[in-house]
Chemist: 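First, the structure itself, so that you have it in front of you.
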Amino acid sequence: MVSRETGQPRLLARVVDAIIPGDGLFPSASAVGVQGKLLERGFQTVGPAFAESLEHALGLADNAIDMDITTALAAWETRDPASFQDMLTIVYLSYYETLPVKAAIRELGYDYHDTPQPGGYRMTPFDPTSDQENPQHRRGNYLPTGEVKPVHWSALGDLGKRVG
Amino acid sequence: MAIEHASVDVVIVGAGAGGGITAMTLAERGLKVVCLEQGAWVIDADRPHASLDWEWTRQAQWALSPNIRRRQSDYPVETDDSKAFMWNAVGGSTNLYTGTWPRYRPSDFRKGTEHGLAPDWPIAYEDLIPFWHKADADYGISGVAGDPAMPPDQVFQTQPLPRGENGRLGAVALDKLGWHWWPMPTSIVSDTYRGRRPCNNCSACFAGCDIGSIGNTAVTHWPRAIAAGAELRTNARVDRVETDDTGRATGASYIDTQTGQRHLQPASVVVVACNGIGTPRLLLMSSNERFPKGLANSSDQVGRNLMHHTLGFVDMWVDEPTESFMGAIATPIICSEFAETDVSRGFVNGITLHFIRQQGAGFQALGAFSNNRAPWGKDHHSHFRRHFGHGMTILVYGDDLPHPDNRITLSETEVDSSGLPAAKLDYKLS
């Protein structure tokens, strides 16, 4: 039984690693503790029924430690895509918030910060002398108040019937 | 037993954009003003911008929908519609918006003349110009004048925010198409303005702004309103507008949500400024023997014809880096090529295209706004490597049409933390 207290940590670790395995740069989900966040945030958003629904959705039983997790996840995704997506949202957001994963993103060459603040991001300010930023084109128009005229309905299909 | 306060000139229900501006304007002209707000002040340090889990927190405790965040200061909205967005606190929903600030167009006020599927407004664009100028100066708007797609009167307080690679690529593409584009006007200041700090491009605007760069009524108006003598009572949940024997509004009854104590605030004038959902909810909750259908509702129009913006998101990923994780979300550029009605394309009212950014790595892995997420399993990281930092999004932004069945009523099944009926929102895009 998956519970918040016991959480069958090894089983949950296998679940989150089946979702986000590690590779040469990125750690696996369980290596950064996503399994704990999955339970915690599931409780937070769904309530005490989350663990039960997780177990039910995966088709897990107490003795199912050797089951094929990938197959169970794929079956869940097909059977109930909405709840699967909810679970996946927790797993993905929990994974990408961890420091080792953010460090791995920086290894890819991005100036990605651990947190948005303090400091924010350095970007090139608006340059009013650049045509690329301060457009000099004269494209675009608007109808002044006095020039708004009735339009013909023929192209509107049954819109008038549905709304008017 | 309710505590009855001394009568004032005006009691305002709601301390958001409407209530804040009203309180400031009236108090600065010498009226005695009391404002009742069911939420509290938002402490900027409580916002998630400096937390490692900011992406999760902004979708949970800082969610746009009260049905997700479920704070005590909120009331539920019984609905299947996904756009019941609001924030209950001083500053209202300006605590949690992206600061996008495009104006209405002159034709928006003449839809009765144009196609008749909505009425003309009794005022015109030109009537609002002096008020827009004042509001823009108070909120602080960044942008650049001269947009050929808009009337020429708009002035800006600061220059546009950095457009970044996202905006540059969008502008190049629109130039190739020969379509309009312009830097997006926003209420996010790019330079110090009236004591507010300039935006530092942190990217977390969906949780509001923790440094005061976004024009939040709690920052832009309430300090002035209070300095002018307006009294703001927080955690004051109004449950009815009171009326006298003639049917005239005489004040507001409220519950102190911290103590449970009931209060009555008499006033010569009552202003209800609780947004498009909360205002009809309060008027309907204020029904009495004389007004069994709620206040101001002899026409049965209270709560009807609720309108949202229509929002369609188109995510795309390109070979070039887009800096998609930095910069204010909604700022790069706006395309108004299709902003006016064109029945030859089968629709009225037009749309604008807003180039926007895609926030943090978690949100991007989830497929940004379109749920084109990185697959789970062995291909997860290769997908993330190809897509992260290379995405850009176009928000297709329009206005719906009024329909009487799109409406707010009182829920018969859900209540808020004070036991008051929730709002029920029925909405179908028309």
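Numbered from 1 within each chain, the chains take letters A, B, ... in sequence-line order.
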Chemist: Any non-hydrogen side-chain atom of Pro102(B) less than 4.5 Å from a side-chain atom of Ile334(B)?
Modeler: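 The answer is yes, as the side chains (C-beta and beyond) meet within the 4.5 Å cut-off.
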
Chemist: Report yes or no: do Glu340(B) and Ser107(B) form a side-chain donor-acceptor pair below 3.5 Å?
Modeler: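 Yes, because at least one side-chain N or O of Glu340(B) sits under 3.5 Å from a partner of the opposite role on Ser107(B).
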
Chemist: Measuring heavy-atom distances to chain A, does Ala124(B) have an atom under 4.5 Å in its side chain, in its backbone, in both, or in neither?
Modeler: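 The side chain, not the backbone.
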
Chemist: Check whether Met326(B) gets within reach of chain A through its side chain, its backbone, both or neither, counting any heavy atom under 4.5 Å.
Modeler: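 Both parts, backbone and side chain.
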
Chemist: Run the salt bridge (Lys or Arg N to Asp or Glu O under 4.0 Å) test against Asp53(B) and tell me which residues pass, sequence neighbours left out.
Modeler: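 By the salt bridge (Lys or Arg N to Asp or Glu O under 4.0 Å) rule, Asp53(B) matches Arg41(A).
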
Chemist: Is Phe384(B) in contact with chain A via its backbone, its side chain, both, or neither, using a 4.5 Å heavy-atom distance?
Modeler: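 The answer is the side chain of Phe384(B).
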
Chemist: Checking Arg105(B) against chain A: side chain, backbone, both or neither under 4.5 Å from a heavy atom?
Modeler: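 Just the side chain, heavy atoms under 4.5 Å.
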
Chemist: Identify which part of Gln359(B) has an atom lying under 4.5 Å from any heavy atom of chain A, answering side chain, backbone, both or neither.
Modeler: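 Contact with chain A involves no heavy atom of Gln359(B) at all.
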
Chemist: Ring-plane angle category for Tyr95(A) and Phe26(A), please: parallel below 30°, perpendicular beyond 60°, tilted otherwise.
Modeler: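 Ring orientation, 0 to 90° scale: tilted.
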
Chemist: Determine, for Lys428(B) against Asp80(B), whether the closest basic-nitrogen to carboxylate-oxygen distance falls under 4.0 angstrom.
Modeler: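 Salt bridge between Lys428(B) and Asp80(B), a charged N being under 4.0 Å from a carboxylate O: no.
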
Chemist: Under a 4.5 Å heavy-atom cut-off, does chain A meet the side chain of Gln59(B), its backbone, both or neither?
Modeler: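 The side chain, not the backbone.
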
Chemist: Which atoms of Glu323(B) come close to chain A, meaning under 4.5 Å heavy atom to heavy atom: side chain ones, backbone ones, both, or neither?
Modeler: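 The answer is the side chain of Glu323(B).
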
Chemist: Given heavy-atom pairs under 4.5 angstrom as the criterion, report whether the side chain, backbone, both or neither of Ala361(B) touches chain A.
Modeler: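 Both backbone and side chain of Ala361(B) come within 4.5 Å of chain A.
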
Chemist: Under the side-chain contact (heavy atoms from CB on, under 4.5 Å) rule, collect the residues that match up with Asn371(B), sequence neighbours excluded.
Modeler: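 Residues passing side-chain contact (heavy atoms from CB on, under 4.5 Å) with Asn371(B): Gln85(A), Arg373(B).
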
Chemist: Quick one: what part of Arg168(B) sits under 4.5 Å from any heavy atom of chain A, side chain, backbone, both or neither?
Modeler: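 The answer is neither part of Arg168(B).
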
